[in-house]
There are 2 protein chains.
Amino acid sequence: MDLGERKRYILKAIVDDYIETAEPVGSRTIAKKYEMGISSATIRNEMADLEELGYLEQPHTSAGRVPSDKGYRYYVDKLINIKDPTPEEASEIKSILQFATICEIDNIIKRTTKLLSEVTRYTAAVLSPSVKKSALKSIQLVQVNDYDVLAIVVTDTAVIKHVLIKLPRRIDYDTLLKINNMLNEKLRNLTVEQIDLSVINQILMELRGYYEILNAIIPVLYDSLKSVDCDIYLEGTTNIFKYPEYNDINKAKNFLSLLERKETLIDIFSDDGENLKVSIGRENNNDEVRDCSIVRASYMVGNKVVGTIGVIGPTRMDYSKVIGILKFIADNLNDILRNSF
Amino acid sequence: MDLGERKRYILKAIVDDYIETAEPVGSRTIAKKYEMGISSATIRNEMADLEELGYLEQPHTSAGRVPSDKGYRYYVDKLINIKDPTPEEASEIKSILQFATICEIDNIIKRTTKLLSEVTRYTAAVLSPSVKKSALKSIQLVQVNDYDVLAIVVTDTAVIKHVLIKLPRRIDYDTLLKINNMLNEKLRNLTVEQIDLSVINQILMELRGYYEILNAIIPVLYDSLKSVDCDIYLEGTTNIFKYPEYNDINKAKNFLSLLERKETLIDIFSDDGENLKVSIGRENNNDEVRDCSIVRASYMVGNKVVGTIGVIGPTRMDYSKVIGILKFIADNLNDILRNSF
DNA sequence: AGTTAGCACTCACTATGATAGAGTGCTAAT
DNA sequence: ATTAGCACTCTATCATAGTGAGTGCTAACT
């Protein structure tokens, strides 16, 4: 059961118009602005049908129509014309990301987030590579002074973590080197999830004489790897004030409060395998974003999908623009990450 | 020229009441709620005097009085009874900061920021130690793979910075060690500001054969030290919605936009030598915070003042509570930083 | 002289009702 | 199947009046 050609055209016109104006769309507007050669009365009939089918809603009897979540979904799946970035936008994106080539991944991610929020004019979020999905590439222990050792872990997802470890007693260089080598030997190429008691016991066994030192190092190191799976970077949080749906102080407050809860956000933006995903209103599992839409894409380091970049805003989102820009930025980001890491 | 005893009492009552209720305070309220044994008419006369002297303002003729910036200033300087944290608050603060002892400074700062915003119920900001004011304690170059070296810098202000450096060619361990030692020899105990061309030239001279490698390392290292002087951590940005002065969507928007501009914030919260400082409304140099008040305190690592912690909110701020809590948290933070670093 | 009761006055805030305008659904004609 | 016409609905806006909090001033009181 699909909509007829004309209903599709009308639905698209309504969604486009509503996205542009934020006002309920009336039959006259459609007839005049989107010259269709049929009268407003005919359009009214079609609109009544579309409402009955669940694609449109009416705020009150004498108002125009507004797309429902289902309407937006149909629009995104079948009607949308994706807008590529304008030449200016494209060159801005390229130049900012290009410049980031020399930087490390944290820096690239921060820039990307800012860029995404500026070009789309919505709130942008980027998840840094998940540590859980990463394998350890190198562990280095560096003595910074008599009792302090800095452990630096580099993963195959380009994440660099450091943690300061306080030792119970002074330690000589050879011992540190020995421990360092052993940690690398046993842990290299393991993912964080693969590190378990048996691996740790192996290390303790092989370096039986250094129990005290290892007992200071390993738990702290382990905790710091396990505790934070990924960071989330946000930019453009005040962009929502550009959109009239957030002129209501409570709506704005709820939205911004949501942005303060990092765990919820990470949950919302976490990857679920799809390369590009649009979640509209109530489609979101999370109740708190039931009047928001989220568009997100995954990005890769090496050949592995490791994180996501995305945008959150009202369901009345300019999907065609956001999807175009998000694709473009994700592609460019992937190029850079492929070449640099 | 000082106010008389009675005027002082009335001014204090008005400020206290306004801070509590956010409503202009009338003469009857003062007479009844703050039992003074004088009639509302007498209080009206005193209030008219206080207004003439600039301590009070009237939103409109038939409204009560509201403190002016000058009124708040007088209140903070001469009338305030600083409220110490409640036992519950004190023990919460102690337990959260105590737990942070094992962590490194970034982590401690993040926790402190969150804590400060939760206990005061305003927006909290903490400036991490200024790198410019720091001296380098140790520099370590760590090979993470064939062409990548990670430079780790530890300062005497407990800041740890790392930067990934791409090398033009493979480098052997001994060379790296040599460069590493030279960097430490020449740069250790210098502040970032003291690092200039002459120092760098010295290094280049002494390691003449390694120009290509040094040319990859030094500029990147130098940039990463110079580029970011300090970070600012924010928490409780949506706390402002608790206060009716931000029920106006534009006020809220302006405030939150301000919080997105990190440079402005750093400027606002930067230390100016005073241990505890209250800036009220127009007293702030920065125009954008002319209807905000800021309370901030400095904190130390070792014996050196390195950063500030503070709170920003409406001029109708609960100064007595905020000052009490801020002092308490700053003292506790200093204890921890003194003992750990 | 300082204090206070009394009172007229001001001004924001809150209904209330009237009006305009946008948009609909239905009916009857095309 | 389409459309012109029209009654109907509902919101948004505006003016009006009434209410109440709070003031400033005056005159009386201590």
Side-chain angles (χ1 to χ4, degrees), chain A residues 3-11 13-18 20-68 71 244-245 247-249, chain B residues 3-11 13-18 20-68 71 244-245 247-249:
Chain A
L3 303 172
E5 175 72 20
R6 193 168 68 184
K7 280 200 175 55
R8 291 225 298 275
Y9 189 86
I10 291 175
L11 179 55
I14 292 173
V15 176
D16 280 334
D17 202 76
Y18 186 61
E20 187 190 331
T21 64
E23 295 291 331
V25 187
S27 53
R28 245 176 65 90
T29 312
I30 299 298
K32 281 174 70 179
K33 202 160 151 190
Y34 298 84
E35 305 160 6
M36 306 189 52
I38 53 175
S39 77
S40 64
T42 311
I43 293 174
R44 273 204 289 287
N45 290 328
E46 296 284 42
M47 282 163 85
D49 290 350
L50 283 167
E51 181 169 358
E52 213 172 337
L53 293 167
Y55 295 101
L56 295 180
E57 282 165 2
Q58 215 172 1
H60 55 86
T61 34
S62 69
R65 291 330 199 276
V66 158
S68 65
E245 27 272 272
N247 276 356
D248 180 277
I249 195 87
Chain B
L3 302 172
E5 175 72 20
R6 194 169 67 186
K7 279 198 175 58
R8 290 224 299 276
Y9 189 87
I10 291 174
L11 178 55
I14 292 173
V15 176
D16 281 335
D17 201 76
Y18 185 62
E20 188 189 332
T21 64
E23 295 291 332
V25 186
S27 53
R28 244 176 66 88
T29 312
I30 299 297
K32 281 173 69 179
K33 203 160 149 190
Y34 297 85
E35 306 159 5
M36 304 189 55
I38 52 175
S39 77
S40 64
T42 311
I43 293 173
R44 275 204 288 287
N45 290 328
E46 296 284 45
M47 283 164 82
D49 289 350
L50 283 167
E51 181 170 359
E52 213 172 337
L53 292 167
Y55 295 101
L56 296 178
E57 283 165 0
Q58 216 171 359
H60 55 87
T61 36
S62 69
R65 285 344 194 271
V66 158
S68 66
E245 26 273 273
N247 276 357
D248 180 277
I249 196 88

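On a predicted model such as this, the values are computed, not experimentally measured, just so you know.
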Undergrad: Quick one: is D:dT2 close enough that its OP1 or OP2 comes under 4.0 Å of any side-chain N or O from A:Thr42?
TA: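 Checking A:Thr42 against D:dT2: no side-chain N or O falls below 4.0 Å of OP1 or OP2.
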Undergrad: Can you measure from OH (B:Tyr9) to CD1 (B:Ile38) and round to the nearest 0.5 angstrom?
TA: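 Answer for the OH-CD1 pair, B:Tyr9 versus B:Ile38, is 10.0 Å.
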Undergrad: Below 3.5 Å, can you tabulate the donor-acceptor pairs from side chains in residues 22-34 of chain A to any protein atom, sequence neighbours excluded?
TA:
from, atom 1, to, atom 2, distance (Å)
A:Ser27, OG, A:Arg44, NH1, 3.2
A:Lys33, NZ, A:Asp17, OD1, 2.6
A:Tyr34, OH, A:Asp17, OD1, 2.9

Undergrad: Any side-chain heavy atom of A:Glu46 sitting closer than 4.5 Å to one from A:Asp49?
TA: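 A side-chain contact exists here, since the closest heavy-atom pair is under 4.5 Å.
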Undergrad: How would you list, by chain and number, every residue that makes a side chain to side chain contact (heavy atoms under 4.5 Å, CB included) with A:Ser39, sequence neighbours excluded?
TA: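 Here the qualifying residues are A:Ala41, A:Thr42.
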Undergrad: Over how many whole Å does the gap from B:Lys7 atom NZ to C:dG2 atom P extend?
TA: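 Rounded to whole Å, this separation is 10 Å.
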Undergrad: For the CD1 atom of B:Ile249 and the CG atom of A:Asn247, what is their distance to the nearest 0.5 Å?
TA: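 If I round to the nearest 0.5 Å, the distance is 5.5 Å.
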Undergrad: Only stems of 3 or more consecutive Watson-Crick or G-U pairs count here, both distances under 3.5 Å; name the ones for DNA chain C, or none.
TA: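 Paired runs of 3+ in DNA chain C: C:1-30 with D:1-30.
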Undergrad: CD1 of A:Ile30 versus P of D:dT3: gap in Å, rounded?
TA: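 Distance check: A:Ile30 CD1 to D:dT3 P gives 15 Å.
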Undergrad: What distance do A:Leu11 atom CG and A:Met47 atom CE have between them, rounded to the nearest 0.5 Å?
TA: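 Taking CG in A:Leu11 and CE in A:Met47, the distance rounds to 10.0 Å.
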Undergrad: Who passes side chain to side chain contact (heavy atoms under 4.5 Å, CB included) against A:Asn45, sequence neighbours left out?
TA: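 Side chain to side chain contact (heavy atoms under 4.5 Å, CB included) list for A:Asn45, sorted by chain: empty.
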Undergrad: In whole Å, I'd like the distance from the NZ atom of B:Lys33 to the C1' atom of D:dA21.
TA: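 Distance check: B:Lys33 NZ to D:dA21 C1' gives 15 Å.
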Undergrad: So do the side chains of A:Ile14 and A:Tyr55 get within less than 4.5 Å of each other, counting heavy atoms only?
TA: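 Answer no - side chains too far apart.
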Undergrad: For A:Ser40, which contact category applies under a 4.0 Å heavy-atom criterion: base, sugar-phosphate, or nothing?
TA: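 Here A:Ser40 touches no strand at all.
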Undergrad: Taking CZ from B:Arg28 and P from C:dT4, how many angstroms apart are they, rounded to a whole number?
TA: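 Between P of C:dT4 and CZ of B:Arg28: 15 Å.
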Undergrad: Do nucleotides 11-19 of chain C as a string where each nucleotide becomes B, S or -: B if the base has a protein heavy atom under 4.0 Å, S if just the sugar-phosphate does, - if no protein is that close.
TA: BS-------
Undergrad: Give the rounded distance in Å between these two atoms: CE of A:Met36 and C1' of D:dT3.
TA: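 Computing the A:Met36:CE to D:dT3:C1' distance gives 15 Å.
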Undergrad: Expressed as a whole number of angstroms, how long is the span from B:Ile38:CD1 to C:dA5:C1'?
TA: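 After rounding, the reported distance stands at 15 Å.
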Undergrad: Could you pull out the closest heavy-atom pair between B:Ala63 and B:Gln58, with the gap in Å?
TA: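 Taking B:Ala63 first and B:Gln58 second, the nearest heavy atoms are O-NE2, 3.2 Å.
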Undergrad: Any side-chain heavy-atom pair from A:Met36 and A:Arg6 closer than 4.5 angstrom?
TA: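 Side-chain contact under 4.5 Å: yes.
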Undergrad: Atom CD of B:Glu57 and atom CZ of B:Arg65: how far apart are they, to the nearest 0.5 Å?
TA: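 B:Glu57 atom CD to B:Arg65 atom CZ measures 11.0 Å (nearest 0.5 Å).
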Undergrad: Nearest-Å distance, CG (B:Leu50) to C1' (D:dT23)?
TA: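 Taking CG of B:Leu50 and C1' of D:dT23, I get 15 Å after rounding.
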Undergrad: What string of B, S and - do you get for nucleotides 25-30 of chain C, 5' to 3', when a contact is any protein heavy atom under 4.0 Å?
TA: B-----
Undergrad: Rounded to the nearest angstrom, tell me the gap between atom CD in A:Glu57 and atom C1' in C:dT24.
TA: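 From A:Glu57 CD to C:dT24 C1': 17 Å.
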